[in-house]
Amino acid sequence: MTQQTPSFYQTFDLDPRVVAAELERGLTAADAHCSPKYFYNALGSTLFEAITHLPEYYPTRTEASIFAQYEAEIHQHIPQQAAWLDLGAGSCQKAASLFSRTPPGVYVAVDISLDYLTDTLINLQRSHPSVKMVGVGMDFSSSLNFPAALATQLTQHPIFAFYPGSSLGNFTPSEALGFLSRIASLCQQGQTGSGLLIGIDLVKSSEVLERAYDDDLGVTAAFNLNVLRHINTLLGADFDVRDWQHKALFNVAESRIEMHLLARHDVTVRWGERSRAFQAGEGIHTENSYKWTIPSFTALLKQAGFSQTQCWTDAKAQYALCWAS
């Protein structure tokens, strides 16, 4: 058996000045906001992992149950010896759990943090020594432009794009269309059988949705509040988490869960020579998570350039895995 060694590409190197400028624009906007990507410092990633184990947070276990129930059908769509494109790979465990039944020709793990992927892929390679593995540091939400040598390698295989976990919900519908269109274009450059397997959260009662984002233990609240400490580090701000409280609500008109941080009292936040005064009850909008119906999402996939679709749901129709080619 040939022992492979992972290779790595860094296509994303965000200048701290760019980060600071983006955060400042959000904090000084009429309706203050920040991107949910800033949830994920070391503590934020740990808190999110804890969230996935909460009884209120159904998406992770529901997605796993769909994989288990429809394993044979799902694997029929995954091309043999494909170039696997694992978007937002993180720990890579969801993709790795599928290797034994349908081994990849090459596994390409894409994440915004190449440092995190490096250790992950080195460890994963030990368990799958014959699988060629590549790690790519990339902000795939805005671009899927791979280095030329890797792009050529991808298109020599069928491309299996993999985006589980319902993270598409963080995109607005127009952003989601652009993202899916880029994936469809890439799949069209691959060999016969190329396609996308994606997880989406479905519309359901406001009560179920809001409890999933505001659990009884307060873990999601801690996850949301931690973004303020991360902003302190990145921007040199002086947020005190004790001045803020977590709020999650389902915006029915927009079909999205919204997470906000609300000022408990009048407070002024400072960074450098800048500041922003917040009145009691005024908020910072930290995340949207859009929810879909099967018909609306199927229409979006077709608008993006996919022609064939199939979706699998759990018995309660809370969540879906969809194949598009």
Side-chain angles (χ1 to χ4, degrees), residues 2-19 22 35 37 40 78-96 98-99 102-165 167-168 170-171 175-198 304-306 324-325:
T2 303
Q3 174 65 56
Q4 298 278 357
T5 301
S7 56
F8 298 95
Y9 295 89
Q10 176 63 276
T11 70
F12 177 72
D13 187 15
L14 194 54
D15 188 323
R17 293 170 296 182
V18 175
V19 172
E22 179 184 4
S35 168
K37 67 187 176 187
Y40 297 101
I78 302 175
Q80 296 293 322
Q81 292 298 297
W84 288 38
L85 194 61
D86 190 359
L87 299 168
S91 69
C92 304
Q93 290 307 303
K94 287 184 180 180
L98 306 176
F99 283 6
T102 310
V106 56
Y107 172 64
V108 181
V110 183
D111 203 276
I112 201 165
S113 174
L114 185 61
D115 289 341
Y116 185 76
L117 276 182
T118 299
D119 291 339
T120 297
L121 280 185
I122 289 171
N123 291 329
L124 187 62
Q125 187 77 83
R126 295 190 184 106
S127 301
H128 302 275
S130 64
V131 176
K132 183 174 178 58
M133 297 188 179
V134 182
V136 182
M138 173 186 284
D139 182 4
F140 60 86
S141 65
S142 58
S143 170
L144 281 175
N145 294 324
F146 292 93
L150 180 57
T152 298
Q153 187 176 4
L154 288 173
T155 56
Q156 290 173 346
H157 298 261
I159 293 171
F160 171 53
F162 187 51
Y163 195 42
S167 295
L168 188 77
N170 292 146
F171 295 83
E175 290 168 343
L177 175 60
F179 174 66
L180 293 171
S181 297
R182 290 190 290 275
I183 297 175
S185 177
L186 187 62
C187 287
Q188 288 161 9
Q189 298 172 50
Q191 301 302 307
T192 301
S194 296
L196 165 69
L197 183 63
I198 186 170
F306 293 102
S325 62

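The analysis underlying the following values was restricted to heavy atoms, covering all of them including side chains, and did not include hydrogens, waters or symmetry mates.
In plain terms, the two heavy atoms of Leu180 and Phe306 that are nearest each other are O-CE1, 3.7 Å. In terms of heavy atoms, Pro79 sits closest to Pro158 at CB-CB, 3.6 Å. In terms of heavy-atom proximity, Asp86 sits nearest to Ala95 at OD2-CB, 3.3 Å. Taking each heavy atom of Leu117 and Val136 in turn, the nearest pair found is CD1-O, 3.7 Å. Contact record, Lys94 with Pro164: CD-CG, 3.7 Å, taken as the closest heavy-atom pair. Tyr163 and Ser167 make their closest contact through OH-CB, 3.3 Å (heavy atoms, listed as atom of the first residue, atom of the second, distance).
Between the side chain of Thr118 and the backbone N or O of Leu114, at least one donor-acceptor pair lies under 3.5 Å. Thr11 contributes a side-chain N or O that, together with a main-chain N or O of Gly137, makes up a donor-acceptor pair within less than 3.5 Å. With hydrogens and angles disregarded, a donor-acceptor distance shorter than 3.5 Å links the side chain of Gln191 to the backbone of Thr155.
No side-chain heavy atom of Phe146 sits under 4.5 Å from any side-chain heavy atom of Gln153. For the pair Ile122 and Arg126, the minimum side-chain heavy-atom distance is below 4.5 Å. Side-chain atoms of Pro103 and Val131, non-hydrogen and from C-beta on, never get closer than 4.5 Å to each other. Looking only at side-chain heavy atoms (C-beta outward), Met138 and Leu144 come within less than 4.5 Å of each other. Inter-residue side-chain proximity for Phe171 and Ser141 is flagged as met; some heavy-atom pair is nearer than 4.5 Å.
Using the six-membered ring where Trp is involved, Tyr107 and Phe99 have ring planes that are perpendicular, over 60° apart on the 30 and 60° scheme.
Between atom CD1 of residue Ile159 and atom CH2 of residue Trp84 there is a gap of 14.5 Å, rounded to the nearest 0.5 Å. To the nearest 0.5 angstrom, Leu197 atom CG is 12.5 Å from Leu85 atom CG. Expressed to the nearest 0.5 Å, how far CZ of Phe162 lies from CG of Leu98 amounts to 5.0 Å. Atom CG of Asp15 sits about 12.5 Å away from atom CD of Glu22, to the nearest 0.5 Å. Rounded to the nearest 0.5 angstrom, Lys132 NZ and Gln125 CD are separated by 9.0 Å. In this structure, the separation between CG on Leu196 and SG on Cys187 is 6.5 Å, given to the nearest 0.5 Å.
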Practice prompt. Could you walk me through whether Ile183 and Leu87 pass side chain to side chain contact (heavy atoms under 4.5 Å, CB included), step by step?
Written response: CA-CA 10 Å; Ile183 297 175; Leu87 299 168; 3.8 Å; yes
For side chain to side chain contact (heavy atoms under 4.5 Å, CB included), just list the numbers for Gln156 and Thr152, CA-CA rounded to whole Å, side-chain angles, deciding distance to a tenth of an Å, and then say yes or no. CA-CA 6 Å; Gln156 290 173 346; Thr152 298; 3.8 Å; yes
